[in-house]
Amino acid sequence: MSAPEPIPLAKPVIGERERELVDEVLRSGQLSLGPMVRRFEEMWAERVGVAYAVATSSGTAGLHLCFDALGLGPGDEVVTSSFSFVASSNSIVYGGATPVFAEVDENTFNMDPAAVEAAITPRTKALLIVDIFGYPAEIPALVDIAERHGLGIVEDACQSIDGAYDGRKLGSFGHPAVFGFYANKQMTTAEGGIVLTDDEALYKRLKSTSNQGRSDDGAWLVHSRLGFNYRLSDVHSAIGVAQLERLSDMMAARSRVAGWYQDRVAEIDGVIPMYEGPQPRSWFVYAPRLVPGTDRDEVIRRLEPHGVFAKPYLPCIHLQPYYREVHGHRPGELPVTEAISASTIALPFFPEMTHAQVDRVCDALSRVLAEVAPAAAG
Ligand SMILES: Cc1ncc(COP(=O)(O)O)c(C=O)c1O
């Protein structure tokens, strides 16, 4: 019997339009600091309804620039979520500030506002709001906390491209928000990110710091502050423009695939479908929970011969070796976050996935779970 056709975990949709625009840039001879970057930034600003967008070489770079602009340093604390990709928290650490992790909500997997409030100390200077798995955080409640305590806000919306809260687009809430365009995201530039803001002074600063700290008037080789090379190239922006032109279609395709999964997963013993709450989810990953006691690693191992590639996703940030060794974090600090992180499993998920592929994944999962009975139930 031949091996089943593998179903990848994620797959970008790249077509003729991307090739056409990349070719346009290559033929133009202007590969960086050119018109395609401006076009990409303008399209994003218009889509979100903000005055400014600053394209960056990655989502991480965008987050780092936002914290650099807040001017935080050693002794300052930023309250954030440990249920995120490590770059969230690293962007706080780069400037010497300390991330303080607040517990997350069991359903949304985003920071619980009451836990955020409890984590605030006289050293707290900002909140890093994370919208994980495409579901928006409790933004109004978190903004209210930040205002009451005089804190800055940065929003890591890297996983929530095109997301919204109460009909208002992420990125338009008055604090800078960052999207990421790595190849597994809702849209990609291969590597890249963007910061959205309405604040002209912040925009000018980000433009400067992303471009080696050049002076605001763009003077040639005058560096008025310490900056970075966090520019997005025109080649990457060309991919982004093409992707953005059909982002709505790709998002609709993701929602359709997620709907198939939700229906099937609800019928499988031992799996908890993804939360569907009052806010729309910008579908990024399909990562349901396995019931407590299930040997997730064994499930993942046994899915592979079925051609199904799955991953444990996401590991807690505070339990990463660096955060244990350098920041002294230990298991047991965040029971809800740790329980979620130990049970979520990312299944293959991409816009061009077919209904038959979703069925194949779910059939395999169902069979494997019957073999690997949870210890708790056994
Ligand atoms: C929540 C979150 N924050 C930050 C990032 C960093 O983005 P990038 O990989 O573009 O640097 C990612 C990307 O995977 C992410 O998922």
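When a ligand or atom number is given, it counts from 1 through the structure's own listing order.
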Just distance, no hydrogens or angles: give the donor-acceptor pairs under 3.5 Å from side chains in residues 42-55, sequence neighbours left out.
| from | atom 1 | to | atom 2 | distance (Å) |
| --- | --- | --- | --- | --- |
| R47 | NE | D162 | OD1 | 2.9 |
| R47 | NH2 | D162 | OD2 | 2.9 |
| R47 | NH2 | S248 | OG | 2.9 |

N/O donor to acceptor pairs below 3.5 angstrom from side-chain atoms of residues 349-358, sequence neighbours left out:
| from | atom 1 | to | atom 2 | distance (Å) |
| --- | --- | --- | --- | --- |
| T354 | OG1 | Q357 | N | 3.0 |
| Q357 | OE1 | T354 | N | 3.0 |

inquiry  = Between Q243 and V13 (side chain of the first, backbone of the second, donor and acceptor by atom type, cut-off under 3.5 Å), is there such a pair?
reply    = yes
task = Keeping the roles fixed (side chain from S91, backbone from S88), state whether a donor-acceptor pair exists under 3.5 Å.
result = yes
query = Taking only residues two or more places apart in sequence, or in another chain, which ones meet H64 in a ring pair (Phe, Tyr, Trp, His ring centres under 6.0 Å)?
reply = Y94, F228, Y230
ask   = Among side-chain atoms of Y275 and D105, is any donor-acceptor pair under 3.5 angstrom?
value = no
Write none if no such pair exists; otherwise list each N/O atom of ligand 1 with its protein N/O partner under 3.5 Å and the distance.
| from | atom 1 | to | atom 2 | distance (Å) |
| --- | --- | --- | --- | --- |
| ligand 1 | 3 (N) | D156 | OD1 | 3.2 |
| ligand 1 | 3 (N) | D156 | OD2 | 2.6 |
| ligand 1 | 10 (O) | G59 | N | 2.8 |
| ligand 1 | 11 (O) | G59 | N | 3.4 |
| ligand 1 | 11 (O) | T60 | N | 2.9 |
| ligand 1 | 11 (O) | T60 | OG1 | 2.4 |
| ligand 1 | 14 (O) | K185 | NZ | 2.6 |
| ligand 1 | 16 (O) | Q159 | NE2 | 2.9 |

